[in-house]
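Being a predicted model, the structure only gives us computed values, none of them experimental.
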Amino acid sequence: MRAVVYSLLGLSLLSTAVWAEETPPAPAAAPAVQAAAAPPPQPLPANKPKILPVSATLNPSAQASENKALTAEQLIKNKALQDAKMKALVNDQHSRLQQLEKANLEALAQNQELQLKNDSLGVQVQVLQSERSAQMFLYGAATIAAGVLLGFLIASYVYTKRRRQW
């Protein structure tokens, strides 16, 4: 009920320029006679809001019933309609909230699953990197061993060749 009252109040404040009444200009005939006979009427301010009946906000298509005062039964019916609309809105919001909570839980579960998968892939990357570095170490060791062996073979060949020449 509070929300309806606040929305009606806000609508009336926002639409003051639309519903404002302008005073008709005074007739130009005999202005001196009017001034002497009675004090001039005070014009209404241009931004004074027009009071809207409750039925205008509930049923905008019923322009004819706007000018008539509402009976107690009509007020009760209007309030019951408003209450039913509010309950339907609350139920709709409640169902949306439950759907969002369910989707949130599913997203959290999927997030945890993806984090575990990411961790396992990170471990696999580290293992592959360590295997690659071990493989490169073995290649380096084999290259050094082959170089040393080749060095000894060449040195022994050069040494024996010099000895024969003497």
Side-chain angles (χ1 to χ4, degrees), residues 1-21 45-66 70-166:
M1 184 66 192
R2 231 183 231 172
V4 173
V5 171
Y6 286 131
S7 64
L8 289 176
L9 182 63
L11 268 172
S12 66
L13 289 176
L14 289 176
S15 63
T16 55
V18 175
W19 298 104
E21 291 183 20
N47 62 353
K48 183 176 178 183
K50 183 179 180 180
I51 298 175
L52 296 175
V54 176
S55 65
T57 59
L58 295 177
N59 192 1
S61 64
Q63 298 294 333
S65 66
E66 207 173 78
L70 294 176
T71 63
E73 293 86 19
Q74 289 174 336
L75 289 173
I76 291 171
K77 286 180 184 177
N78 288 340
K79 182 163 175 37
L81 283 173
Q82 287 177 350
D83 289 343
K85 287 180 183 178
M86 291 299 283
K87 285 181 183 179
L89 184 64
V90 167
N91 288 337
D92 184 46
Q93 293 295 329
H94 184 67
S95 66
R96 287 184 184 178
L97 178 66
Q98 287 177 344
Q99 289 174 353
L100 285 174
E101 286 177 350
K102 183 180 178 183
N104 189 22
L105 289 175
E106 290 174 0
L108 286 174
Q110 186 179 10
N111 188 18
Q112 287 179 345
E113 181 181 326
L114 290 175
Q115 283 179 347
L116 290 174
K117 202 180 265 187
N118 188 21
D119 291 342
S120 68
L121 289 174
V123 169
Q124 286 181 359
V125 165
Q126 287 178 350
V127 167
L128 290 174
Q129 285 177 346
S130 64
E131 285 179 2
R132 182 73 176 165
S133 65
Q135 186 180 15
M136 288 297 162
F137 178 77
L138 289 176
Y139 286 159
T143 304
I144 290 175
V148 169
L149 184 62
L150 190 61
F152 279 128
L153 287 175
I154 292 175
S156 67
Y157 177 72
V158 170
Y159 179 71
T160 57
K161 195 175 186 184
R162 282 188 184 172
R163 205 168 171 204
R164 287 182 195 164
Q165 288 179 356
W166 287 54

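Between the side chain of Gln74 and the main chain of Thr71, a donor-acceptor pair closer than 3.5 Å is present.
Under the 4.0 Å criterion applied to side-chain N and carboxylate O atoms, Asp83 and Lys87 are not assigned as salt-bridge partners.
Between the CG atom in Leu108 and the CD atom in Gln112 there is a gap of 7.0 Å [rounded to 0.5 Å]. If you take NZ on Lys117 and CG on Leu121, they are separated by 8.0 Å, rounding to the nearest 0.5 Å. A distance of 9.5 Å separates CD of Gln93 from CG of Leu100, quoted to the nearest 0.5 Å. Taking CD from Gln98 and NE2 from His94, the interatomic distance works out to 3.5 Å, rounded to the nearest 0.5 Å. With rounding to the nearest 0.5 Å, the separation of CG in Leu81 from NZ in Lys77 is 9.5 Å. To the nearest 0.5 Å, atoms CG (Leu97) and CG (Asn104) are separated by 10.5 Å.
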Chi angles and distances behind the side chain to side chain contact (heavy atoms under 4.5 Å, CB included) call for Leu114, Asn118: CA-CA 6 Å; Leu114 290 175; Asn118 188 21; over 6 Å; no

Would you tabulate the side-chain donor-acceptor contacts of residues 131-149 under 3.5 Å, counting partners in other chains and residues two or more places apart, or write 'none'?
from, atom 1, to, atom 2, distance (Å)
Ser133, OG, Gln129, O, 3.4
Ser133, OG, Ser130, O, 2.8
Gln135, NE2, Tyr139, OH, 3.0
Thr143, OG1, Tyr139, O, 2.7

